[in-house]
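First the proteins, then the strands, lettered A, B, ... as listed; each starts at 1.
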Number of protein chains: 2
Amino acid sequence: MDLSIGDLSRRVAVKVPTIRYYEQIGLLPAPPRTEGRQRRYGAEDVSRLSFIRHARDLGFEVDAIRELLSLSARPDQPCEPADRIVLRHLESVERRIAQLTLLRSELRHMLDDCRHGPVRECRIIQVLADHDECRHEHGKVS
Amino acid sequence: MDLSIGDLSRRVAVKVPTIRYYEQIGLLPAPPRTEGRQRRYGAEDVSRLSFIRHARDLGFEVDAIRELLSLSARPDQPCEPADRIVLRHLESVERRIAQLTLLRSELRHMLDDCRHGPVRECRIIQVLADHDECRHEHGKVS
DNA sequence: GTACAATCTCTAGCGACTAGAGGTTCAAGA
DNA sequence: TCTTGAACCTCTAGTCGCTAGAGATTGTAC
Ligand SMILES: [Zn+2]
Ligand SMILES: [Zn+2]
Ligand SMILES: [Zn+2]
Ligand SMILES: [Zn+2]
């Protein structure tokens, strides 16, 4: 196993510049290089990058992934810190779903109420101009 | 009505630097200035900024808001373009909710399956290392 | 040996702000 | 009227997680 950055990229489905970026921010270790200073990767890099990619796909932030990686390197430690990271993430996903659900309802109402006449009579424009016309206390969609 | 940028900020609950930023990107018109080059705003600015703020709270992007603002300045035109903007936004909110719902389920499973032992046995770490352990084809959470 | 795809480094851009430095103006109280 | 200091000004840079390009070098297949 002696993969170029392009090989690694295809294997793990992470773009080449992203791999270099992960190295730059210290998420991936700097790999050995060829004579001509091209990067060469091994099996360990494949699994580490797969882990990172999967965690990113699941919405974890880079700092959280950093902690999860360093935890998985200490297999005898209790896993509780990892659980707490996931729980925190789950809670933020739940908050986000709640916000977006309110938002969806608000947008549906706007569309339902619109009579498709001139802008002057358009409920969408009216609601946008005045939050009091809203059904919900949708917060800011952060 | 002759409001300083701070007055406007308090009235509409938009931070002062954000107001200047909106002017810079052409979302708010450049207001008249005092002798000492401080900005002074009127009633029209209050409603325009309220509109912007409400649309941002509802998750519209700045470009969409630009279009919505220019539509609301033509009250005799048909409102259909506004409706299409809202529909597009609603659809993206719905996609996002669907993604996040899958994600939530996946995270809950991870937490449920964890036996709170050493990292070596932690389901969370195992699942992160291998997407085949996942219940769902959660896509990338963009 | 040569062509050319892939790699390299470096810088800048995305969206929608936010923070800070360093300087100027306005307005209220003495 | 003068003084103080909060609020204002402009400009630059930072946030997050990449992505895109320029321009130079290297690896590899024919
Ligand atoms: Zn309408
Ligand atoms: Zn509202
Ligand atoms: Zn665990
Ligand atoms: Zn998965």
To the nearest angstrom, how far is [X] atom [atom1] from [N] atom [atom2]?
X     : N      : atom1 : atom2 : value
B/I19 : C/dA16 : CD1   : P     : 18 Å
A/K15 : C/dA6  : NZ    : P     : 16 Å
A/E61 : D/dG17 : CD    : C1'   : 10 Å
A/L28 : D/dG17 : CG    : C1'   : 14 Å
B/E35 : D/dC8  : CD    : C1'   : 16 Å
A/R10 : C/dA5  : CZ    : P     : 14 Å
B/L27 : C/dC17 : CG    : P     : 9 Å
A/R37 : C/dC10 : CZ    : P     : 9 Å

query = Counting only heavy atoms not in A/E61, do more than 12 sit closer than 6.0 Å to its CD atom?
reply =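 Atom CD in A/E61 is not packed in, count stays at 12 or less.
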Among [options], which nucleotide sits nearest the side chain of [X]?
X     : options                : result
A/R56 : C/dA16, D/dT26, D/dC18 : D/dC18
B/Y22 : C/dC8, C/dC17, D/dT10  : C/dC17
A/V16 : C/dA16, C/dT7, D/dT10  : C/dT7
B/Y21 : C/dC8, C/dT18, C/dT7   : C/dT18
A/R33 : D/dG17, C/dC8, C/dA16  : C/dC8
B/S4  : D/dC8, C/dC8, D/dC18   : D/dC8
B/Q38 : C/dC17, D/dC8, D/dT26  : D/dC8
A/R40 : D/dT26, D/dT28, D/dC9  : D/dT28
B/T18 : C/dT7, C/dT18, D/dC18  : C/dT18
A/P17 : D/dT19, C/dT18, D/dG17 : D/dT19

message = Just N and O in the side chain of A/R20: are any of them under 4.0 Å from OP1 or OP2 of D/dC18?
response =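 For D/dC18, neither OP1 nor OP2 has a side-chain N or O of A/R20 closer than 4.0 Å.
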query = Is B/R39 near enough to D/dT10 that one of its side-chain N or O atoms lies under 4.0 angstrom from OP1 or OP2?
reply =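 Looking at the OP1 and OP2 atoms of D/dT10, one of them is under 4.0 Å from a side-chain N or O of B/R39.
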ask   = Nearest nucleotide by nearest heavy atom, which residue falls closer to the 5' end of DNA chain D, B/G6 or A/V62?
value =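 Final value for this comparison: B/G6.
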Under 4.0 Å between a Lys/Arg side-chain N and an Asp/Glu carboxylate O for [X] and [Y]?
X     : Y     : answer
B/R39 : B/D45 : no
B/R95 : B/E91 : no
B/E67 : B/R84 : no

key: First of A/I5 and B/F60 reached from the 5' end of DNA chain C, by closest nucleotide   =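 Of the two residues, A/I5 wins.
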Shortest non-hydrogen contact between B/V12 and B/R53, atoms and distance =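 The pair with the smallest heavy-atom distance is O-CD, 3.2 Å.
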task = Please determine, by modelled atom types, if A/D57 and B/H138 share a side-chain donor-acceptor pair under 3.5 angstrom.
result =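 A/D57 vs B/H138: no donor-acceptor pair found between side chains.
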